[in-house]
Structures are given as C-alpha cells and as structure tokens.
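The structure appears right after this line, and notes come after that.
The chains referred to below are lettered A, B, ... by the order of the sequence lines, with proteins before strands, and numbering in each begins at 1.
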Protein chains: 4
Amino acid sequence: MSRKSNTLERRAEITAAMLRVLAEQGYERATIQAIAKEAQLTPGLIHYHFKSKSEILMALIEGLTAIFESRFHTLLAKAKTPKERLQSYVDARLAKGDGENPEAVAAWVIIGSEAVKQAEVQVAYAAAIAKEFKLIKQLLEARLAEEGKHTAAAHGLAAIVLASMEGSFQLASAAESVMPKRYAASNVMKMIERFILHEEDAA
Amino acid sequence: MSRKSNTLERRAEITAAMLRVLAEQGYERATIQAIAKEAQLTPGLIHYHFKSKSEILMALIEGLTAIFESRFHTLLAKAKTPKERLQSYVDARLAKGDGENPEAVAAWVIIGSEAVKQAEVQVAYAAAIAKEFKLIKQLLEARLAEEGKHTAAAHGLAAIVLASMEGSFQLASAAESVMPKRYAASNVMKMIERFILHEEDAA
Amino acid sequence: MSRKSNTLERRAEITAAMLRVLAEQGYERATIQAIAKEAQLTPGLIHYHFKSKSEILMALIEGLTAIFESRFHTLLAKAKTPKERLQSYVDARLAKGDGENPEAVAAWVIIGSEAVKQAEVQVAYAAAIAKEFKLIKQLLEARLAEEGKHTAAAHGLAAIVLASMEGSFQLASAAESVMPKRYAASNVMKMIERFILHEEDAA
Amino acid sequence: MSRKSNTLERRAEITAAMLRVLAEQGYERATIQAIAKEAQLTPGLIHYHFKSKSEILMALIEGLTAIFESRFHTLLAKAKTPKERLQSYVDARLAKGDGENPEAVAAWVIIGSEAVKQAEVQVAYAAAIAKEFKLIKQLLEARLAEEGKHTAAAHGLAAIVLASMEGSFQLASAAESVMPKRYAASNVMKMIERFILHEEDAA
DNA sequence: TATGAATGAGTTTTCATTCAT
DNA sequence: CATGAATGAAAACTCATTCAT
C-alpha cells in the first residue's frame, strides 16, 4: 500500500554528488543548488533527505572513510607479511591503481581544511584521523616486531606517516607539479622503511 | 601639500586582519564585513585599497611567505653547518619558540585548501610551494654532501619533507590530539636524518 | 465489502492535532508537516482529508465552538435561575474546573488574531463571535428581567462582556502574570453584576 | 568627509512599513519583501538596518508603546480631575478622534497573538502590558480615592479594564459588526464607573 | 582617503501541495 | 485509504561590491 522508501539510495546519490562537486569546484561553490544539479535532483529534495548542508558533509565523511577502508581491505586480502600489510595500507590511501579515486582524495583535503574551524566537521574529521592513526600504529608495531625492533617508536612514526599522507594529498591536489600523485606512495613507503631499519633492536 | 598616502599601511592592516579572521573563523566566515570589523575599518575602505576579496587573499599569501622567510633568516644567522641550516628551516616553519605564529599556520592550511580549486589562489599557492621546495632541496643537497652522500636523493626527500610539514600543519590545526604542535618539528627532523644516513655514499 | 470510511475520525484527529500545535507552537509553526507529526499521520494523508490548510483551520473553528458549547450545556443542566445560567456561561468559557481546556483557549487567541486579516478565517471567526454575542445578550436580558430592570442595556453590556472574555483569553495566554487564569471568571462575573445592579428599573 | 548616517530615519521608516503591512495583511504576509515594498526599499537594506525580522517586530512594539503614550500625554494635558485623567487614558487607547490610529490598534492585536508563543515577542509584549497595568491601577486608585472609596479594588478592576480594552481591540479588528470601534471607549468607561460606584466607602 | 548606505544576486531552508506507488 | 518522495515557489538572510557624500 505504501510507497517504497528510496531514502538510502537518494542519500547515497546526494553524498556522491557532493563529493564530485567538492572535488571539482571547492567548498565555496559546493552549494545546495550545485549539488542538486550534479545529482539531477531538486534543492527541495536534497533538504527532504538531509536536514542541512552540514548533515550531507557528515554523511560524506563517513562515506569517504568507508571508501578508504574498503580499498584497504581489498588489498589486505593478498598481503601475507606485516610489511605487505603496511604496503597495502599506504597503497590503499595513496597509490594509483585499481579503485583509485582522485576525487575522494581532493574532497578529503577540502574537508580537512573545513575541519580547521567548523566545529561539527572538526569532530568528525578528528575522529576519522584518530582511527587512521590507531590503525597505522598497529601496522607499524607489527612491522617493527617482524624486524626484531623495539615497538616504542611506532607512535611517533605513525604521526609522521599520517602527516606525510595528509600532506601528500594536499600537495597532490593543489600543487601537483611538486608532488605528482604517483610519487606519494613510494616516498612514504621509503621513508617508513628507513625509519624502521634504524630503530634499535629489541633486547 | 597632498595628504601622504597610507595605502601601504592600510593594505598591511587589512591583510593582517584577514589572517586573523581566517585563522579564527575559517574561510567561509572571512567576509569583507568581518575583515573590516577586525581591522576596525569600513567595508568601503577595504575595496578602496583592494579591488576584490581575492586580491586580499593574494596579498596574504605573499605576506605569509614573507613571515616564514623572515623567521628562517633570523634562525639562519646562528647556523653554521648544513645540518644546522636544515634545522633552522624546519624550526622556522614548524617549531614553537620565539616568533612562532599559530595563526599564520592555521591560515596557511585554509589557503592551501582553497587552492585546491580556486584557480587564482592555486597559482599563488603553487608558486609559494615551489619556492619552498627548491629551498628544501638545496638545504638537503648540502646536508647530503656534508655526509659524503649522493645528492640525487634530495628531490624525493624534499617532496616527502614538504608533505610532512604541510600535513603536520593540517593535523595540528584540525586534529591536535593526534599531532600536538610540539611533535611536528622533532619528528620531521628525525625522519630527515634517518633518510640521509641510509643514502649510499657518493663514489 | 468496501472498507468503512474513517474520514470523520481522521478529520477529528487532524483538527485536534492542529489545535495542539497551534497552542504549543503558534501559527507560524503550525505547518502541515508539524500537524502530521503531532497526529502521527503523513502530510499526504492530511491533504487527502482536507483540501487545504485553511480548511483545517475552518474545521478547527467549528470544533472549538462545539467544545465551548458542550461545556456550557453541561453546566447549564444544573442551573436554575437566569443568574445561574449566566454564571454557567462565564464558567464554561473562562473558569477552571472539569473539562477546562487551556489549549483550546490558546488556540482561540491565535485564531482570533489570524482573523484580523485572513479573509476566510475572519468570516468564520466573526460568525462564531456573533453567535456568542447573541447568546450572551439573551442571558443578560433574562438576568436583567429577573431583577426587574430594563433590558435595553443588554446589548452594550454583552459587547463589553464579550470583549472582557476575549481580552482575558489574550492576556492569560500572553501575559499571565497580569491576568492569572483563575481571576478572569470571577472578575467578569463581578463586573456583570455591578453593571446590572445599576441599571434603571423597568417602569 | 564621512557620509551622514540615516539609520534612525530608515529604522523608523521600516518599522512604520511593518506596522502598515501587519495591519493590512496580517503576520503571515508581513514578509521582508512586503515590508520592503511598502517602505520602497530593498530587502537587503532592511537587513542592513535590522539584523532579523523579529528585531523589527521588537522595534515596532517599542514604537507602538510610544504612540499610545504620546496620545495619552496629549489628552492628559487638558484633564484636571482623576476622573478626567482616567477618561483621557481610555480615550487615548480606544477612542476615535484626533490622532486615532486604527492601524496601530490592528497591529497591536496581531502582536498580542504572536506573543502567545514567540518567546522574544512575549517578553516585550508582557512588559508593555505590565506597564499599562501599573498605569491603569494608579489612575483607578486616584479615582477611587476621589470618591472616598477603598482603593484595594483597584487591582482587580485594572485587570478587567485591561482585558476589556485588549478584547475590544481584538473584536474591533476581527469582528467589527459586534464591536464597532466607537462603542469600545464608552462601554469601558461606563463599566469602570459602575464598578467604582459600588465599591465600599473607605472607613 | 574615508564613510556607511545601498544594491542585487545568491545562499540555505521551509512548506503547502501533488502524485506515483 | 495511506505513504512518503517530489516539486517549486517563496521565505529569511548574507555578502561582495558600488557609490554618493
């Protein structure tokens, strides 16, 4: 009797449209009008499915996190050693290749900068970053252990790895000549390996 | 008998006001009216001295570059070896201490993200980044040479150093719990040193 | 075999929901969507049973009139003299006690002000008021006759009684500190009695 | 050098325009657009002088209070006895005659009903009512004393007088056939006098 | 130079109403 | 009867920019 709900699909469409508009036009131009046009929907309908613009942004942050996670888990399936698992992670987030998603990267950069001062966004962004941090740290600890090193260094190393990746996104998006996208992953991996090789052996 | 022009001071005041508003309220809220209020001037006067809002942003990018340069040169005076000069650079851009300027850092992050798609900003931002890149590369080459290493690695290393710094700014601004401001400089320096120690010796 | 129509109950539910929303949130917020939520129905269904929003308002005016009338007739059953009947009327509309309905009072005030310029509402409101006026006048005439007074004064007195009651509603709803709800009825009755006692005796 | 401020005049123009629109079209239709058109200004300019729509409403409440007060003080000048002063008050607020302002009355009714649920308006309205109440009470006390009566009754009488006047506004605005504007003042005065004549003499 | 009023296009959001299911 | 998605017009409000003074 009742009409079937399509809210989930619509929300996904709208979030995806915002992703594209953000990536292509920046935050300032990511108006509800622009998102609606991109999604081929009406502005009114956008607000039927999302109470406010920032609610869409929140949904997008979740969505991007999911995209990155899913890529990571796909690559993880083939990884056997801690080193390979670490590589999977870096590739998932930085490398070109199957499933790469430059729009997601660009959007992530923009969200990161919106997080600087928009409180709600900041909370969601910081939560996502904290999760990444934890994951990186675990992967690094496993990698250090594999080499028979102290794992205490994992914390500081995780911070610099995360910073390198976020910075690579940023530079790749806004100053590609300095940081061609294809360099990022290999540079980050090289850095990690050198860091690790120099750690002290565990007793 | 004509009144002395105060355009230069006014432009500086306006640029400084935009810096503060950007850092405190984000790009979206950095309206001409907000900048005018912060500078204790009127909107009309802003447009008397700057043709458009984005012209202020351009001036701000120049201004920030100048701030960073000046800090670097101050520290450079005391540096004697290539290693110390490298340290001066990293400290100038990341470290706490005399002349540190967290507002400038926050503003820089925001500008970086605006650069993602606002063409005019992108050009100015990319130019500033290219300049930094060149400088880092030179400092790294000198450091590698000092250790008797091949200098070919300087290019890739410079990229990862720049990315780490930009990423550290970003994380420190938007997710401080993961990247406390005081960690950034020491982490970046440690990374550089390990990278360098592992380079092959020059023939 | 066709399903039994529930239109009447549904219309009553919707009208009652609008009453509550009006009383609790004011006219501006009495949106179809808010009414639907309050009635635990859907916006579409509201429009199935009522052609337009103002049609609900019309139904509500009728409904409120019916509520007041029904209270009056309940009290009337116990009244024996003209004075008691008058008292019944005032109590029915103003007093606290069994069946009192503060939401109905608040809604009535809001409708009254909407009647100021919304033509359709004005017609319905004015009709309801005219009916009340006639009733008050009759009750007053009987009361005057009971005291052996000229009944000519009933008209003017009815006007002031009606005004006092409408004004009491208004003040009780919007400035309760000046006109506590419990004062209204006794004040109005006292006023009526003094008015009457001073009328000239009929020849 | 600087341009002369016309903010005060503009605010008065805008407030007056809102008064007219409220009186002529009701609250729902008193949009910023409508006010702007009535004032022959642009919507943007309205918001330049008033931060929000409700700020205009607040200014209007103040303005109406001032209008009523000024009328009262004009009439007061000619009044010599407490009875005449009371009459001045009632005439000022209800009567036809020099300076009468039916639009102000209609607007006041609408504001009163908006006060039912809009918190900010309620505060301002209740304050205005409280002030009126105090004034009426004083006038009544003087009148009672003049007749050698107990003044204790002034409080209750003031409430019913205020209610009668607010109710008369309401009925005159929305159901004029029942309460022609010219009746209100004489009815209210008659009521007051009868009330007073029946009070007990002071010891 | 400086002021601040004024503009107009644009923004997010709301909502009565319609309609496919 | 009932649902809930969809529409479109209109609402309040913002803001870069212009301009008379």
Side-chain angles (χ1 to χ4, degrees), chain A residues 1-7 9-11 28-36 40-56, chain B residues 2-7 9-10 28-36 40-56, chain C residues 2-7 9-10 28-36 40-56, chain D residues 1-7 9-11 28-36 40-56:
Chain A
M1 200 185 305
S2 73
R3 191 170 171 175
K4 205 171 102 199
S5 170
N6 64 352
T7 290
E9 295 91 307
R10 277 281 182 266
R11 283 178 66 102
E28 221 188 1
R29 290 188 183 159
T31 65
I32 294 285
Q33 291 273 356
I35 294 166
Q40 289 182 283
L41 301 172
T42 59
L45 189 55
I46 306 274
H47 274 96
Y48 177 78
H49 290 291
F50 288 97
K51 216 158 57 193
S52 72
K53 189 180 163 180
S54 88
E55 203 179 294
I56 313 177
Chain B
S2 76
R3 232 145 115 194
K4 204 167 103 202
S5 164
N6 60 359
T7 290
E9 300 100 275
R10 276 283 182 267
E28 234 187 348
R29 291 189 182 161
T31 65
I32 293 286
Q33 249 115 128
I35 295 166
Q40 291 183 282
L41 299 172
T42 57
L45 192 55
I46 306 268
H47 272 91
Y48 179 82
H49 291 290
F50 288 97
K51 211 162 57 195
S52 73
K53 190 180 164 182
S54 89
E55 208 180 67
I56 312 176
Chain C
S2 75
R3 233 145 112 196
K4 205 168 102 200
S5 165
N6 60 359
T7 290
E9 299 100 275
R10 277 281 181 265
E28 234 186 348
R29 290 189 182 160
T31 66
I32 292 287
Q33 251 115 129
I35 295 166
Q40 291 181 282
L41 300 172
T42 57
L45 191 55
I46 306 270
H47 271 91
Y48 179 81
H49 292 290
F50 287 97
K51 211 162 58 196
S52 73
K53 189 180 164 181
S54 90
E55 208 180 68
I56 313 176
Chain D
M1 198 187 306
S2 72
R3 190 167 172 180
K4 205 170 104 199
S5 169
N6 64 353
T7 290
E9 295 93 307
R10 277 281 182 265
R11 284 178 64 102
E28 223 190 359
R29 291 191 181 156
T31 65
I32 295 284
Q33 292 273 355
I35 295 166
Q40 290 184 283
L41 300 172
T42 58
L45 189 55
I46 307 273
H47 274 98
Y48 178 78
H49 289 291
F50 288 96
K51 217 159 53 194
S52 71
K53 189 180 164 182
S54 88
E55 203 179 295
I56 312 177

With a cut-off of less than 4.0 Å, is there a side-chain N or O of [X] near OP1 or OP2 of [N]?
| X | N | value |
| --- | --- | --- |
| D:Thr7 | E:dA5 | yes |
| B:Arg10 | E:dA2 | yes |
| D:Asn6 | E:dA6 | yes |
| A:Lys4 | E:dT21 | no |

Approximate separation, where rounding is to 0.5 Å, of D:Ile35 CD1 and D:Ile46 CD1: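 Here the rounded value is 6.5 Å.
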With rounding to the nearest 0.5 Å, note down the distance linking CD1 in D:Ile32 to CZ in D:Phe50.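 Spacing of CD1 (D:Ile32) from CZ (D:Phe50) equals 9.5 Å.
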Grab the stems for DNA chain F, please: at least three consecutive Watson-Crick or wobble pairs, both distances below 3.5 Å, written as range with range.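 Stem list for DNA chain F: E:2-21 with F:2-21.
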In whole angstrom, what separates D:Lys53's NZ from F:dA10's P?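 Atom NZ in D:Lys53 sits about 15 Å away from atom P in F:dA10.
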Can you give me the closest heavy-atom contact between [X] and [Y], atom names plus distance?
| X | Y | answer |
| --- | --- | --- |
| D:Thr31 | D:Lys53 | CA-NZ, 4.4 Å |
| D:Pro43 | D:Ala36 | N-CB, 3.8 Å |
| C:Glu55 | C:Lys51 | OE1-N, 2.9 Å |

A quick test of your reading: do over 12 heavy atoms of other residues, nucleotides or ligands sit less than 6.0 Å from CD of A:Glu9?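 Above 12, so yes.
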Closest to the C:Ser52 side chain, choosing from E:dT17, F:dA11, F:dA5: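 Looking only at heavy atoms from C-beta outward on C:Ser52, the closest nucleotide is E:dT17.
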Select from A:Ile32 and C:Gln33 the residue whose nearest nucleotide in DNA chain E is closer to the 5' end of that strand.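 Its nucleotide being nearer the 5' end, the pick is A:Ile32.
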D:Ser54 vs B:Ala30, nearer the 5' end of DNA chain F by closest nucleotide: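 Result: D:Ser54.
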Short of 4.0 Å, heavy atom to strand atom, which residues of residues 40-50 of chain D count as contacting DNA chain E?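 Within residues 40-50 of chain D, the residues near DNA chain E are D:Thr42, D:Gly44, D:Leu45, D:Tyr48, D:His49.
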Is the shortest side-chain heavy-atom distance between C:His49 and C:Asn6 below 4.5 Å?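 C:His49 reaches C:Asn6 side chain to side chain.
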